[in-house]
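What you see below is based on every heavy atom in this structure, not just the backbone, and it leaves out hydrogens, waters and symmetry mates. Keep in mind that what you see is a predicted model, and the values were worked out from it rather than measured. If you read the sequence from its start, that first residue is 1, and numbering goes on from there.
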Amino acid sequence: MKIDIHVHTKKTKQGDAPSRNITPERFSEIIQSTDVKVVAITNHNDFDLEQFNLMLAQVDGAVQIWPGIELDVLDDNKRSHLIVIVSPERRDRFHKKVVEATVGQTPDNFTISLEDTVSFFEELEPLYIAHYMGKKPDMSEESIERLLSLGVNPKRVIKEATSAISAGIFIAHGHASIYGSDIQDWDKYTDEAANLPELRLSVDSFEQFCLLLEKDVSAINTAINHKQSDELTLQPFEDDTKIFINSYSDINVLFGAKGTGKTKILEAIAKHYSNSGVNATVFESAPDKLGDRFDIKGKDIDKNFELKTVHDCKDEILFIKSAKEQDVTSLHEYRDYFRSERRNKNAGKMKIKDLSSMLLEAQQTKLKDYTDAHNKVQEMIGFLSSNTPVIEVSSEEERTNLVAHLSALATNLKRRSWEYYVDWKSSELTNSASKCFRDEVARKTGALSKPIDTGFKLFASNRLKIRRNAQEVCLNINKAIADEVEAVGTLGVNKGQLDCVTSFKLQDGTIHDSLYSPIKQIRKSDQKDFSRAIKDIEKQALSDNLFDSITQLNSIEDISKIVSMSDLLLFWRRFTLSGDDYSPSNGECSMLNLHSELADDKQVYLLDEPERSLGNQYINDIIIPLINEKARQGKKVFISTHDANIAVRTLPYNSIYRCHDKDGYATYSGNPFSNNLVCQVEQDKVLDWKKISMTTLEGGEVAFGERGKIYGNR
């Protein structure tokens, strides 16, 4: 949840922009369109109770609204701004105090001393937020010290920075810091909200927020317990030692010196969830794993890769491979027929020997056309029933009616295709019977049957069919296939996005590039010979040399393996950066391995020292935001680390500390919010989280100062 402790809802001073004015309705609409869940209304030298109540009613509990005011403070003749925020439960008393303090003055000429500020408002137990270094008009260190000397709670005095970067610098130097939008134009608030600080622990009220500022353990535990957690009992080591871990649907960090068993604990967690049916494996970053992760050598590439834009040509290839010449009827067959007929008077009376063959091609063509149409309609029915866009833009009744019409059409096509199938088979059977009769008459009488036809039509149509099939294969060989692009991860803002690109080509007989490899276990030389032979068959289809080319095709050693276009498919898989081929370094491979692991959608992530080979900038800019996003999604993230950036700046809900001393191994649990680590065996042993972390982890005090972000100070 994001917090904005500095919001203006009206123009109160001459220098204020009119665009600060906003109606309760518009205020509610804009705020609820963002992730901001806590808003403090802090107009200049004014608190409008009526407006506050209207806005509170308008958001109807969806957003917490806290009453406040931005005061012009005059101290030691220097003017600065100090925000005072109180609990919404005290808004009526706060309103009276503001009226009392500002009586007789306008927001433009009002100023107040630090002493009077404390005198008027301290009894309401407020938060004091001072403009600080760069946030003009800023309050000096001397004035802030004077404010503290007046008896206010130092945990409730916060310094407001101009941005997240400034706040982070202040925090790193031990200052409690936060920043707000100080909104000038409500039309731009949505963009402003994206940069606002985020509360790592959800808070339900102003009072709970203040308790967290003071590190009240019960308040922290209440906030943490809002997160779903499992209690795991693990036995990660060879002995009977048991470890108890609260597994939060958030970030859980294991840290400690090397050799204290952190990896073993991660493996035990993975085993626990795997036994429960949850996908959980321990991730270890290693440069050589990136190539394996994306199968850059294509060892496991899909052998049944679907050629979406290319016809498989199975029937065409089979026909060409099995093609035979159709003979033309020679003149001597006619001569012999007429001679035998004159010699045998009985044979002349038997007309059955002269039966003509029925034409089969028409029935075959019709059968194929109707069968193809039936299959296409069936595919359309399946498409309509499963396609998401179609389902989204149509009603169930519309789809049902359309499917019913298509089903009726499919039935008619199927019926007609059966009719042509029957016609084809009937003609084929008739021709077969006719041939038997003619042959039998010729055998009995010695009289030859009259040749059915000259055979030229069959000869020519066979040659033309061979050429058409060869043309179809050649046409598809030359088709382009789109690259497959898979995002690998980012190499940072300066380099950009790395992709894994797989290019495909069909071997057309001219591809010699060693970068391309066959998808299937077929030699590239045989693929080349096949494509060249097919092209030659197309050219020779009407020449005397046609069947020499077909014989050459069938003599290819692996010709039996080439049955469709997919058997000619070549691929080349590599990494690209901004479209250019790129070989990532070992460090970059480690980055991308981790990025890919976090990009996978899992319920449980187990990361063993993910910082290895990674630079701090990449961890801060890329990895930590990814880890925090997983936490916001309610995923369980376990990280074993020696890196302070990860251990601290992710603000883990659970910190598990492993140590080894003269008393042996011990396990402590806690969190940076309470700053305690409690021994699991002897609970009276409590360690200081900050001190232990600074001693154990890399990064030092600067990194650990950022635990102040837990209160929204970033």
Side-chain angles (χ1 to χ4, degrees), residues 3-17 20 40-47 66-86 94 97-122 124-171 173-184 196-197 213 708 711-714:
I3 182 172
D4 191 347
I5 48 80
H6 192 167
V7 162
H8 294 272
T9 58
K10 59 190 295 188
K11 171 182 168 67
T12 60
K13 296 174 70 173
Q14 290 288 338
D16 288 346
R20 278 181 165 170
I41 296 177
T42 56
N43 291 314
H44 283 137
N45 301 324
D46 177 72
F47 175 64
W66 296 347
I69 189 170
E70 185 173 5
L71 298 171
D72 279 87
V73 172
L74 194 63
D75 184 62
D76 196 21
N77 292 320
K78 182 179 184 300
R79 189 175 69 88
S80 60
H81 281 182
L82 179 67
I83 294 172
V84 179
I85 302 172
V86 303
F94 181 64
K97 291 291 184 181
V98 170
V99 171
E100 185 179 344
T102 60
V103 63
Q105 300 183 70
T106 67
D108 280 309
N109 61 30
F110 172 82
T111 59
I112 190 171
S113 67
L114 287 173
E115 290 77 9
D116 286 343
T117 300
V118 173
S119 175
F120 277 113
F121 299 109
E122 180 60 19
L124 302 180
E125 301 181 77
L127 290 175
Y128 298 100
I129 301 173
H131 280 204
Y132 191 66
M133 290 183 70
K135 182 70 176 176
K136 301 297 183 181
D138 56 352
M139 185 172 284
S140 67
E141 286 287 354
E142 293 76 17
S143 293
I144 292 174
E145 287 299 321
R146 187 173 296 110
L147 175 63
L148 294 172
S149 72
L150 294 172
V152 304
N153 185 342
K155 298 291 186 182
R156 295 201 179 195
V157 177
I158 304 174
K159 298 169 181 178
E160 185 184 13
T162 56
S163 66
I165 295 174
S166 298
I169 294 171
F170 298 155
I171 291 166
H173 288 81
H175 303 275
S177 184
I178 196 170
Y179 69 99
S181 67
D182 194 8
I183 189 65
Q184 300 283 337
L196 287 169
L213 285 178
Y711 309 124
N713 302 333
R714 50 179 295 203

Looking at residues at least two apart in the chain, or sitting in another chain, which of them share a side-chain hydrogen bond (donor to acceptor under 3.5 Å, both in side chains) with [X]?
| X | value |
| --- | --- |
| Thr9 | Asn43, Gln51 |
| Asp108 | none |
| Thr106 | Asn109 |
| Ser181 | Asp4 |

Might you point out which heavy atoms bring [X] and [Y] nearest each other, and give the distance in Å?
| X | Y | value |
| --- | --- | --- |
| Pro197 | Ile178 | CG-CG1, 4.2 Å |
| Leu196 | Ile3 | CB-O, 3.9 Å |
| Pro126 | Phe121 | CD-O, 3.4 Å |

### Task
Output, in order, the C-alpha distance, side-chain angles, deciding distance and verdict of side-chain contact (heavy atoms from CB on, under 4.5 Å) for Val73 and Ile112.
CA-CA 5 Å; Val73 172; Ile112 190 171; 4.1 Å; yes
### Message
If the test is side-chain contact (heavy atoms from CB on, under 4.5 Å), which one of Ile129, Leu71, Leu127 qualifies with Ile83?
### Response
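Checked Ile129, Leu71, Leu127 against Ile83; only one passes side-chain contact (heavy atoms from CB on, under 4.5 Å): Ile129.
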### Task
Please say which of Val152, Val84, Leu150 ends up in a side-chain contact (heavy atoms from CB on, under 4.5 Å) with Glu122.
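The option that passes is Val152.
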Using 0.5 Å steps for rounding, measure from the [atom1] atom of [X] to the [atom2] atom of [Y].
| X | Y | atom1 | atom2 | answer |
| --- | --- | --- | --- | --- |
| Phe120 | Ser113 | CZ | OG | 9.0 Å |
| Lys135 | Asp182 | NZ | CG | 3.5 Å |
| Ile85 | Glu70 | CD1 | CD | 10.0 Å |
| Leu114 | Leu74 | CG | CG | 9.0 Å |
| Leu82 | Ser143 | CG | OG | 10.0 Å |
| Leu124 | Phe94 | CG | CZ | 7.5 Å |

### Query
For residues 66-86, which residue pairs qualify under ring pair (Phe, Tyr, Trp, His ring centres under 6.0 Å), counting only residues two or more places apart or in two chains?
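Every pair satisfying ring pair (Phe, Tyr, Trp, His ring centres under 6.0 Å) with a residue in residues 66-86: His44-His81, Trp66-Phe206, Trp66-Phe209, His81-His131.
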### Query
Sequence neighbours excluded, which residues qualify as salt bridge (charged side-chain N to carboxylate O under 4.0 Å, His left out) partners of Arg146?
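Per chain and number, Arg146 pairs via salt bridge (charged side-chain N to carboxylate O under 4.0 Å, His left out) with Asp75.
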### Task
For Glu115, enumerate each residue passing the salt bridge (charged side-chain N to carboxylate O under 4.0 Å, His left out) test, keeping only those at least two apart in sequence or located in another chain.
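Partners of Glu115 by the salt bridge (charged side-chain N to carboxylate O under 4.0 Å, His left out) criterion come out as none, since no residue qualifies.
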### Any residue meeting side-chain contact (heavy atoms from CB on, under 4.5 Å) with Glu145, in chain and number order, not counting sequence neighbours
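Counting only residues at least two positions away or on another chain, Glu145 forms a side-chain contact (heavy atoms from CB on, under 4.5 Å) with Leu148.
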### Message
Run the side-chain contact (heavy atoms from CB on, under 4.5 Å) test against Asp46 and tell me which residues pass, sequence neighbours left out.
### Response
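Partners of Asp46 under the side-chain contact (heavy atoms from CB on, under 4.5 Å) test: Lys10, Thr12, Asp48.
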### Message
Tyr128: which residues meet the ring-ring contact (aromatic ring centres under 6.0 Å, His included) condition with it, sequence neighbours left out?
### Response
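By the ring-ring contact (aromatic ring centres under 6.0 Å, His included) rule, Tyr128 matches no residue at all.
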### Query
When you measure from the side chain of Lys11 to the backbone N and O of Lys13, does any donor-acceptor pair fall under 3.5 Å?
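Looks like yes, one N/O pair under 3.5 Å.
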Distance-only criterion, 3.5 Å: show the donor-acceptor pairs between side-chain atoms of residues 97-104 and protein atoms not counting sequence neighbours.
from, atom 1, to, atom 2, distance (Å)
Lys97, NZ, Glu123, OE1, 3.2
Thr102, OG1, Val98, O, 2.7

### Message
One pair to check against side-chain contact (heavy atoms from CB on, under 4.5 Å): Arg156 and Glu125. What are the steps and the verdict?
### Response
CA-CA 9 Å; Arg156 295 201 179 195; Glu125 301 181 77; 3.5 Å; yes
### Summary of salt bridge (charged side-chain N to carboxylate O under 4.0 Å, His left out) pairs that have at least one residue in residues 77-86, sequence neighbours excluded
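Checked against salt bridge (charged side-chain N to carboxylate O under 4.0 Å, His left out) - neighbours excluded - the pairs reaching residues 77-86 are Asp72-Arg79, Lys78-Asp138.
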### Query
Between Ile5 and Thr42, is a side-chain contact (heavy atoms from CB on, under 4.5 Å) present by the stated rule, with each step listed?
CA-CA 8 Å; Ile5 48 80; Thr42 56; over 6 Å; no
### Task
Apply side-chain contact (heavy atoms from CB on, under 4.5 Å) to Lys159 and Glu141, showing your working.
CA-CA 10 Å; Lys159 298 169 181 178; Glu141 286 287 354; 3.6 Å; yes
